[in-house]
Protein chains: 2
Amino acid sequence: MSGISDVARRAGVSKATASRALTGHGYVSPDTRARVQDAARALGYVASSNAASLVTGRTRTIGVIMPYLNRWFFAEVLEGIQDALLEHGLDLTLYDARPGSHGRRLIFEDFLARKRFDGLIAVGLEPEDRELERLVAVGRPTVSVVGVGADSSAITLDDDAAARRAAEHLLALGHRRIAFLGGDPHDHWADVDRRRLDGYMRAMTDAGLAHEVCHIPSAVTMPGGYAAAVDLLSDASRRPTGLVGVCDEVAIGAIIAARRLGILVPGDLSVVGIDDHEFAEMFALTTLAQDPRAQGAEAVRVLLDHITDPGAAPVELQLQARLIVRSSTAPVDRASSAIEANTGRR
Amino acid sequence: MSGISDVARRAGVSKATASRALTGHGYVSPDTRARVQDAARALGYVASSNAASLVTGRTRTIGVIMPYLNRWFFAEVLEGIQDALLEHGLDLTLYDARPGSHGRRLIFEDFLARKRFDGLIAVGLEPEDRELERLVAVGRPTVSVVGVGADSSAITLDDDAAARRAAEHLLALGHRRIAFLGGDPHDHWADVDRRRLDGYMRAMTDAGLAHEVCHIPSAVTMPGGYAAAVDLLSDASRRPTGLVGVCDEVAIGAIIAARRLGILVPGDLSVVGIDDHEFAEMFALTTLAQDPRAQGAEAVRVLLDHITDPGAAPVELQLQARLIVRSSTAPVDRASSAIEANTGRR
DNA sequence: TTGAAAGCGGTACCAA
DNA sequence: TTGGTACCGCTTTCAA
């Protein structure tokens, strides 16, 4: 474990010069720089980041705080962030803040206050008041990836537009009985879910179908979508011809439910999702695609800007989803949709 | 940003005493301890972990290195680790080392050498020689969670036994044409996959069915299992009556494929997985359950032991999977299995 | 039981 | 362009 003094000695220079040569801050003749670097390499020198941080105040670490790790969107964003950070030589410390968990409380009350990071990326966090308070108290640049940042920067999908276009896609195919599946107003009703529901409702209302608006709550997971869809679809009298999933996971759950019940997708039921999940292809799911990986990378870019230039104004980036038509949607079968209530077709 | 000197001053003691009172190392009278703690609280004092680390050599951070984040098993282990670490007040820095990625090279060549952690948990890493070399060079206690640790500690599932019992479950139901689905010897052939394949082969051989052994390679994902199963099951002459999935994701992919093809599970085809994935219930999947969350927590426990007592002998913990019978498996339908090659039933 | 002081391993100012 | 040196904020002997 050689230190910078060892390197300096071996290169025949002072600690100061060695430091300058290694960090690149300040003037060093090309010649000595080379000598110092050689010495460092020969000794296998690795700077102590603690010592460096102590004096510079920079940790060379970015904190990432997110409520779920095991959901596609979050894992993708995380990978996007990690990739970008690695390229910059920055460490990533993870704070998994499941809503309501004890760990989450610890994170907000203790961990964040330690400021063991130069900046923070909050993914889909939706902090409560007290939490937000703690968050701003940290006083480090923050970028959020879903969920508006009070006056910090934010990268978001235009959820309203995405859901609206999902519904409009079905409307354009002639569907009128279109339900929105997913999200539960009584249990962790996330802002994203609400915004998407709003977009769907707007599309319905604009099409003069306000009376057809129908929100089926469900947990925002594949099993959640499955269970809710089984309920919804089993009852032929309630059954819609089109379904907008709050996200692909829920939409795919619904497709699986439909198949189980012998309901043809898209013959009897058209389904649209939002995400372009890794399983979307496999289920031929028509969806409004977003690119969470890129969002993660973008968050890193914005955050690093804020770190180098603390005065910079917050950035709000709103991305648009891209419609990908696969084969979970088709023109409505008018005959069947007209008579379905009577036939009680299984 | 008050420092320990501020706390000391406010409490009317020296820095040394303040430090002792706050860290709990060394004697302090209960009285002064209380005064110091009050002062710290009043000032909102938070110790600089850099300064502390610089002198103690402890980072109070655990590094976690894993090849995937977006696969169920890994995400679960990660959450288990995170939960345990939070309770101990330890930070978790994440190294996402996707096989073959540039980031992975950076991690092994640069990031690990910085030793910004007191210990390392490697989840399903399967390092190459050069990587293993770098890993041991780090000289920090390491625990692996899948994949044997050379002479470091390891928490593993008895994969061989799990796969063997999966196959034996099918054999007990009278199946003879049993295939093993998943894992690709020509592309990232993971040790886990090989061990499970071995277990399956052993069961088949022990049952005198060595000639029926059949390994269908596939990517170890749901879409991978799906694609491979579509191929396998479309050809009625090749179609087995039982399927052991290398993991639940692959097994579920196969179930979805079967449903698409109109093959009844378990009527025409019995499927067993390994994992007890969050989707297992929804697909009524019979599986050999493991508990990755608990494995993560256990890894933390073992690692912390090694950190406090560097001399401790490596621990190798081998867990047994637990058979959960749901309804993706049933006694073989001898009639149909006997004639299937002729009927070419879709 | 407490305090003084010496570092931990770097960085960055200032002078040369 | 380089070197001397103060200091980042804490922990930990050692002496009192």
Side-chain angles (χ1 to χ4, degrees), chain A residues 1-40 43-61 89 91 113-118 139 307-308, chain B residues 1-40 43-61 89 91 113-118 139 307-308:
Chain A
M1 271 308 302
S2 37
I4 199 169
S5 323
D6 302 309
V7 175
R9 195 173 319 120
R10 187 179 232 268
V13 298
S14 69
K15 271 172 57 180
T17 304
S19 173
R20 259 173 269 140
L22 262 15
T23 61
H25 294 301
Y27 292 117
V28 184
S29 78
D31 195 55
T32 45
R33 152 164 296 122
R35 250 181 319 127
V36 171
Q37 287 172 337
D38 287 350
L43 294 172
Y45 168 75
V46 179
S48 149
S49 37
N50 282 316
S53 296
L54 186 54
V55 41
T56 61
R58 284 290 171 75
T59 61
R60 302 201 58 76
T61 296
D91 270 351
R114 293 182 199 159
K115 306 185 209 259
R116 301 189 64 177
F117 40 76
D118 297 331
I307 290 173
T308 26
Chain B
M1 272 307 303
S2 37
I4 199 169
S5 324
D6 302 308
V7 175
R9 196 173 318 120
R10 188 180 230 268
V13 297
S14 69
K15 274 171 56 181
T17 305
S19 173
R20 261 172 264 143
L22 263 14
T23 60
H25 295 302
Y27 291 118
V28 184
S29 80
D31 194 56
T32 46
R33 152 163 297 122
R35 253 182 316 126
V36 171
Q37 286 171 338
D38 287 350
L43 294 172
Y45 167 76
V46 179
S48 150
S49 37
N50 282 316
S53 296
L54 186 54
V55 40
T56 60
R58 282 292 168 76
T59 61
R60 302 203 56 79
T61 296
D91 271 351
R114 293 182 199 159
K115 306 184 210 258
R116 299 190 65 179
F117 39 76
D118 297 331
I307 290 173
T308 27

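Numbered from 1 within each chain, the chains take letters A, B, ... in sequence-line order. Just so it is clear, the model here is predicted, and its values are computed rather than measured.
Between Arg58(A) atom CZ and dG10(C) atom C1' the separation is 16 Å, expressed in whole Å. Rounded to an integer number of Å, the gap from CZ of Arg116(B) to P of dG9(C) is 16 Å. Across the protein-nucleic acid pair, Met1(A) atom CE and dG10(C) atom C1' stand 12 Å apart, rounded to whole Å. Between the NE2 atom of His25(A) and the C1' atom of dG10(C) there is a distance of 13 Å, given to the nearest Å. The interatomic distance linking Ile4(A) (CD1) with dA12(C) (P) rounds to 11 Å, in whole Å. Taking atom CG of residue Leu43(A) and atom C1' of nucleotide dG10(C), one finds them 16 Å apart after rounding to whole Å. Rounded to whole Å, atom P of dT1(C) lies 14 Å from atom CZ of Arg35(B).
Heavy-atom nearest nucleotides on DNA chain C were determined for Ala51(B) and for Ala18(B), and the one closer to the 5' end corresponds to Ala18(B). Between Ser14(B) and Leu54(B), the residue anchored nearer the 5' end of DNA chain C, judged by the nucleotide with its closest heavy atom, is Ser14(B). Between Gly26(A) and Lys15(A), the residue whose closest nucleotide on DNA chain D is further toward the 5' end is Gly26(A).
Inter-residue side-chain proximity for Ile307(A) and Arg58(A) is flagged as met; some heavy-atom pair is nearer than 4.5 Å. The closest side-chain heavy-atom distance from Val36(A) to Val28(A) is not below 4.5 Å. Put simply, the side chain of Arg10(A) reaches to within 4.5 Å of the side chain of Leu43(A), judged on heavy atoms. Within the 4.5 Å cutoff, the side chain of Arg60(A) has no heavy atoms near those of the Arg114(B) side chain. Between Val13(B) and Arg35(B), some side-chain heavy-atom pair lies under the 4.5 Å cut-off.
Counting non-hydrogen atoms under 4.0 angstrom, Thr23(B) reaches the backbone sugars and phosphates but no base. At the heavy-atom level, Ser49(A) lies nowhere under 4.0 Å from the strands shown. When heavy atoms are screened at a 4.0 angstrom cut-off, Ser19(B) is found touching base atoms of the nucleic acid. At a threshold of 4.0 angstrom between heavy atoms, the contacts of Ser53(B) with the nucleic acid are absent.
Arg9(A) and Asp6(A) are joined by a salt bridge, as a carboxylate oxygen and a charged side-chain nitrogen come within less than 4.0 angstrom of each other.
When atom types are taken as modelled, the side chain of Ser53(A) and the backbone of Asn50(B) share no donor-acceptor pair closer than 3.5 angstrom.
Contact check, Tyr45(A) against dG10(C): a side-chain N or O comes under 4.0 Å of OP1 or OP2.
Interface limits on DNA chain D: the 5'-most and 3'-most nucleotides within less than 4.0 Å of chain A heavy atoms are dT1(D) to dG9(D).
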